[in-house]
Number of protein chains: 2
Amino acid sequence: MGRAHETGGRAVPQYARIAADLLRQIEDGTLPPGELLPSEAELMRTYNVSAGTVRKAMAEVRAGGRVETRHGKGSLVKKRPPVRQRSSDRFRRSHRTKGQAAYLAEAAQSGAVPGVRVLSVEHRAVPDDVAPLLRVAPGTEVLARRRLYLRDGVPVETATSFIPRDVADAIPQLRAENPGSGGIYARFEGAGHEFAEFVETLQARGATAAETEVLGLTPGTPVIHLVREAVTTLGRVIEVCDTVMAADQFVLTYRIPAVD
Amino acid sequence: MGRAHETGGRAVPQYARIAADLLRQIEDGTLPPGELLPSEAELMRTYNVSAGTVRKAMAEVRAGGRVETRHGKGSLVKKRPPVRQRSSDRFRRSHRTKGQAAYLAEAAQSGAVPGVRVLSVEHRAVPDDVAPLLRVAPGTEVLARRRLYLRDGVPVETATSFIPRDVADAIPQLRAENPGSGGIYARFEGAGHEFAEFVETLQARGATAAETEVLGLTPGTPVIHLVREAVTTLGRVIEVCDTVMAADQFVLTYRIPAVD
DNA sequence: CAGTGGTCTAGACCACCAA
DNA sequence: TGGTGGTCTAGACCACTGG
């Protein structure tokens, strides 16, 4: 009993109905931010369904991004659903000369406590998808700076910068854990490179197992995969930054000037 | 038997291991594009797990976006995983004067057959989240143009344009199903509006039930929610376009000029 | 028709959390 | 300790696809 087609001839499965119910309650404030959702056992009772069905419903609710589930505790409505703002002018030179790296510049606007952890700085073979962007042969050795960004202590983004050897070797600070005031872009400029533009290419997809691990996500949770190329006025790409962000933590905005 | 901690003391669940296995095989070409994945029954046999476990693994594989599952048929590796390119210069005026709306301009680059279906053109109350962007009071009546974009016949994106009454009333073609050559932006320009910039704000999240329906997605599949404001040289926002895209169908690129 | 994925059940055992 | 979510099983019935 309880099959979708029997409970009223509907084509919509029970788990979808339960998920929609919960999402609506979050939407209209019946379940306010910070509130604990009904436990799965309770949902089983109130909807008269089995555990598997409730779990599938909850998986869908989680995918919506407005809920956070903690093992042994329960699921609670997130306080500020979309949080960090990544915007076009985060790369302003004026920020760097004031000593703010891009992520600090935007953290200032959003009121959360930011953090960075440098995971590794090493020479390694360039990944196949990055090689053409840097205009180097596949397998060429480059400098890779891998770091983890935190927001209020929780990981929200990983980023890996790839820099050609000849550029990196000329700037010793790039091999240091802390590249100094203004971040690595300030170091590039200090070494005479002048930026013309940044090109960001992004797509969204479910998190892979590896990303799930590093960012502390539930499997299948959406992530944004963004690759940024830093182009100098000489037309050279001197850095490619590959970042993966927990999708629910970011809102991105871009300003596109109208052109002919 | 078969629990995660018993099969070798690993903390990684079986479904994750199976999903990773399949994703790796897709990645390295063991399962080439167009190929049918092993059926769920076969996976149960080869990995010696139950149906539920295999289904959870497949759900994770699907979330990766490289696989398409058809009921009664099986799961197959998508041909061209990321397909449509949405780029910064899709709004070039030169495209419009040549009679190409933005979506046609980019479709030309990607080799697929594009399509649009106008779902509705009507006057309605502005949504609460759109009102502040248009600088109108909540509940104000605006013109809403809702359309569905197709790629090779399958829906990939819904878009709803909101236009203030005073702007819309002056341009009769905006109420027509087909706004004419160059799209609605060409009509705005024809009526004397000059665009200064477009501001795009986007986030990624799992699809809601309603989106699942319209776009023909699996529940929980990632979507990109993008809101574009069209700003004129007079500083007025004359259109807000709210779009939801199937995430696996789009790669977005933005060019950000370096500024001080 | 046989084979495929989709929904659902009932029950087991585990890992985490808080009192 | 009792309640919570997380993983897994074994089996049922359904709906869709294709020959």
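Keep in mind the model is a prediction, meaning the values are calculated, not measured. Any value given below was found using the heavy atoms of this structure, including those in side chains, with hydrogens, waters and symmetry copies removed. Letters A, B, ... mirror the listed sequences (proteins, then strands); counts begin at 1.
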Under 3.5 Å between N/O atoms: give me all the protein pairs with nucleotides 1-5 of chain C, atom names plus distance.
| unit_1 | atom_1 | unit_2 | atom_2 | d |
| --- | --- | --- | --- | --- |
| C:dG3 | N2 | B:Gly72 | O | 3.0 |
| C:dT4 | OP1 | B:Ser39 | OG | 3.4 |
| C:dG5 | OP1 | B:Glu40 | N | 3.3 |
| C:dG5 | OP2 | B:Glu40 | N | 2.7 |
| C:dG5 | N2 | B:His71 | NE2 | 3.2 |
| C:dG5 | N3 | B:His71 | NE2 | 3.1 |

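Regarding A:Leu76, its CG atom lies at a distance of 11 Å from the P atom of C:dA18, rounded to whole Å. What separates CG of A:Leu36 from C1' of C:dA18 is a distance of 12 Å, to the nearest Å. Taking atom CE on A:Met44 and atom C1' on C:dA12, their separation rounds to 13 Å, with Å as the unit. Distance B:Arg17 CZ to D:dT7 P: 16 Å, rounded to the nearest Å. At whole-Å resolution of the value, CG in A:Leu43 and P in D:dT4 are 10 Å apart. Here the P atom of nucleotide C:dC13 and the CD atom of B:Gln14 are 17 Å apart, to the nearest Å.
Taking both residues in full, the closest heavy atoms of B:Val118 and B:Glu177 are given as CG2-O, 3.5 Å, listed atom of the first, atom of the second, then distance.
By the ring pair (Phe, Tyr, Trp, His ring centres under 6.0 Å) test, A:Tyr149 pairs with A:Tyr103, sequence neighbours left out. With sequence neighbours excluded, no residue forms a side-chain hydrogen bond (donor to acceptor under 3.5 Å, both in side chains) with A:Asp129. Residues passing the side-chain hydrogen bond (donor to acceptor under 3.5 Å, both in side chains) test with A:Thr53: none are found, sequence neighbours excluded. Partners of B:Arg228 by salt bridge (Lys or Arg N to Asp or Glu O under 4.0 Å), not counting sequence neighbours, listed by chain and number: B:Glu200.
Comparing C:dT7, D:dT7, C:dA10 against the side chain of B:Lys56 picks out D:dT7 as the nearest.
For C:dT9, one of the phosphate oxygens OP1 or OP2 lies less than 4.0 angstrom from a side-chain nitrogen or oxygen of A:Thr53. Close to C:dT7, at under 4.0 Å from its OP1 or OP2, lies a side-chain N or O of A:Tyr15.
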With a 3.5 Å cut-off and sequence neighbours excluded, list the donor-acceptor pairs that the side chains of residues 22-31 of chain A form with protein atoms.
| unit_1 | atom_1 | unit_2 | atom_2 | d |
| --- | --- | --- | --- | --- |
| A:Asp28 | OD1 | A:Thr30 | N | 2.9 |
| A:Asp28 | OD1 | A:Thr30 | OG1 | 2.5 |

